[in-house]
Amino acid sequence: MRWTLFIGALIGSSICDREKFFGDQVFRINVRNGDEISKLSQLVNSNNLKLDVWKSLSTFNRPVDVLVPSVSLQAVKSFLRSQGLEYAVAIEDLQIYHEMDNIAADFPDLARRVKIGHSFENRPMYVLKFSTGKGARRPAIWLNAGIHSREWISQATAIWTARKIVSDYQRDPAITSILEKMDIFLLPVANPDGYVYTQTQNRLWRKTRSLNPGSSCIGADPNRNWNASFAGKGASDNPCSEVYHGPHANSEVEVKSVVDFIQKHGNFKCFIDLHSYSQLLMYPYGYSAKKAPDAKELDKVARRAAKALASVSGTEYQVGPTCTTVYPASGSSIDWAYDNGIKFAFTFELRDTGTYGFLLPANQIIPTAEETWLGLKTIMEHVRDNLY
Amino acid sequence: MQPRRQPPPAPRSGPGNPRPTAPLLALLLLLAPVVAPAGSRGAEDPGQPHDAGVPRRLLQQAARAALHFFNFRAGSPSALRVLAEVQEGRAWINPKEGCKVDVVFSTERYKPEEGEGHLGKCSARVFFKNQKPRPAINVTCTRLIEKKKRQQEDYLLYKQMKQLKNPLEIVSIPDNHGHIDPSLRPIWDLAFLGSSYVMWEMTTQVSHYYLAQLTSVRQWKTNDDTIDFDYTVLLHELSTQEIIPCRIHLVWYPGKPLKVKYHCQELQTPEEASGTEEGSAVATELSNFKKEKIIFSNFLKSDDTSINHFSGKIAKV
């Protein structure tokens with residue numbers, strides 16, 4: 001099963017005209033003469049490629065926009081190259097942002113799409129705020145996803161979770177009581193530039209897409225860029241490294257946007273960061289092997305959450321502090337959150353344990369999201385019952 | 001999905017476990033994890049600070065290295081195994097030489113079939129030499145698949161490979177959405193087998209690898225019926241998060257030892273890793289079916305001597 005079909009199902013709107021799904025691309029094809037037009041017609045009319053002309057041909061020297069489903073990308077590219085047809089991939093408009101907008105429109109009393117900043121390449125950073133109460137600064141939970149762009153199950157789980165929250169409010173007692181007391185802020189794509197890059201150029205891109213002066217290498221690791229033992233062990237000062245921490249803490253505008261928002265709000269009690277892969281549920285610290293003062297409580301909650309998660313499909317998670325469970329990592333989001341008064345700080349490394357790794361098949365999205373939801377609820381319920 | 005198994009409530013020392021120190025290991029299991037850091041007073045020093053995570057990670061590293069080596073030596077794309085759970089083990093750490101790890105772990109089939117829940121069991125001695133590749137490994141595993149079945153599946157895979165039309169128009173396996181077309185599955189399995197050799201050589205106390213994606217494949221015609229192909233894989237190294245492209249050249253025939261040549265690009269460091277393996281497998285299969293075990297070892301005589309005299313601090317888990 002394709003991610004495209006599954007994400008389409010997740011997003012759920014009726015499909016009359018073919019909508020654009022994850023991984024699909026819009027090709028802008030230049031046609032310069034009648035010969036090229038007929039070649040292009042040949043391509044578009046071939047049944048099995050399922051192409052969709054978005055902006056069609058009227059005269060020569062006008063580009064034609066064609067929606068190419070992800071499954072046909074390779075075939076179309078080969079064809080265009082072999083026929084000498086010029087094309088360019090149009091800049092992606094993130095499908096997830098449309099879905100966030102839809103959720104807010106469908107549930108206006110509960111959900112709002114809020115812009116908290118922008119990325120290096122000037123894409124908006126949107127969160128969904130779920131709130132039942134009036135008044136500023138209710139105690140709040142931050143759900144972070146997609147900070148490492150290649151970890152696609154993270155963004156997918158986040159958008160599924162957004163739908164789940166609005167659908168289950170006033171049906172499920174747990175989420176209803178959580179929302180009675182607290183607000184939830186969900187950032188499904190914490191690294192939009194990286195995400196687009198994984199869809200258009202390099203599926204395994206991890207970092208941001210910021211420029212590094214003096215280096216041909218691009219990007220910093222946004223999860224080494226937070227102000228928590230910044231540039232300590234478990235990060236690199238080499239811009240070409242996948243764990244390059246950046247020139248200084250919060251140098252990455254994507255990170256700074258979140259930091260500024262959370263600090264301005266001032267009343268966050270919980271910060272959960274979704275990653276993949278390895279099936280781990282971790283709490284601070286990553287930057288040192290020292291024990292966090294609340295380690296005992298965090299460990300207990302995490303174990304309960306892992307148990308709840310496993311109850312769905314038997315998926316087993318290891319639990320522990322970041323540094324010793326996976327590896328030392330400085331400048332990480334949850335360490336920053338914890339050291340800034342957000343006690344309930346957790347990282348999920350979602351499915352799987354290496355068989356598919358980052359390239360988790362689409363048919364595992366919903367099972368992953370469903371089990372993760374139980375883990376998230378366990379943590380959120382504990383926060384609700386232990387507000388400080 | 002690869003669900004991790006629950007750790008067993010008590011140490012297993014089932015039939016067929018050949019290790020003479022098994023009862024000792026059983027005593028050590030999961031009691032008070034103790035790490036004796038370098039420079040401490042004695043080999044078994046209960047006064048040292050607890051650091052439960054480190055030995056566990058080291059045991060996992062050893063288990064992974066042993067499993068890559070096992071998969072390579074077994075030379076069977078139908079019988080590939082993955083790590084299920086580390087069960088017990090201990091390590092001797094010598095900062096100058098490296099570390100020696102004894103580990104017992106369970107495995108499951110890479111391609112789980114419906115209704116199959118078999119967990120194989122392995123025990124291994126792994127010697128990680130500081131700054132040197134190719135950990136020395138002695139690994140013993142219980143049989144997971146019946147020999148005849150494995151041979152049949154290997155031969156089926158071989159025929160599928162031979163029937164592939166060249167040039168193969170593949171850009172990546174899996175595709176970016178994690179999908180592997182069933183007709184391409186044999187290519188993936190064989191690539192995983194070849195990559196096992198590479199990953200064995202490159203696994204250290206701290207580095208470990210997964211096969212992320214195959215980005216090019218080319219099959220060559222042969223005169224002698226062997227499968228011969230070149231491919232490019234992307235390996236994902238977990239501690240640095242790097243993606244490492246490797247060119248691999250592989251020659252295979254069912255039942256024969258695998259021949260692998262490779263060249264990996266190390267992006268961070270200027271050195272590039274490459275290696276060749278054309279040796280024959282040292283496989284010993286015991287005839288008693290119930291206790292059937294498969295043993296592979298690449299211990300050199302010199303390794304063996306130095307390991308036996310290896311003195312270091314013991315970390316027990």
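Throughout, protein chains are lettered first and strands after them, A, B, ... in sequence-line order, and every chain is numbered starting at 1. Computed from a predicted model, the values in this text were never measured in an experiment. These values consider heavy atoms only, across backbone and side chains, with no hydrogens, waters or symmetry-generated copies.
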Interatomic spacing from NE2 in B/His236 to CG in A/Leu359 - rounded to 0.5 Å: 11.0 Å
Validation row: B/Ile180, A/Tyr356 side chains within 4.5 angstrom (heavy atoms): yes
Between CD on residue B/Glu242 and CG on residue A/Leu204, distance to nearest 0.5 Å: 12.0 Å
Heavy-atom contact with chain A under 4.5 Å, split by part of B/Leu238: both
B/Gln241 and A/Tyr327 side chains, donor-acceptor separation under 3.5 Å: yes
Closest heavy-atom pair and its distance - B/Gly178, A/Pro361: O-CG, 3.7 Å
Gap between atom OG1 of A/Thr325 and atom CZ of B/Arg57 - 0.5 Å precision: 8.5 Å
Heavy-atom closest contact (A/Trp152 atom, B/Asn176 atom, distance): CZ3-O, 3.7 Å
Side-chain touch A/Phe358/B/Gln213, heavy atoms, less than 4.5 angstrom: no
Interchain contact, A/Tyr277 with chain B, by part (heavy-atom threshold 4.5 Å): side chain
Flag if over 12 foreign heavy atoms under 6.0 Å of NZ, A/Lys290: yes
B/Ile243 side chain near A/Arg150 side chain, heavy-atom distance below 4.5 Å: yes
Within-4.5 Å side-chain heavy-atom neighbours: B/Ser172 and A/Arg203: no
Heavy-atom check, side chain of B/Thr240 versus side chain of A/Glu242, under 4.5 Å: no
Distance in Å, B/Tyr210 OH paired with A/Thr353 OG1, rounded so as to fall on 0.5 Å steps: 6.5 Å
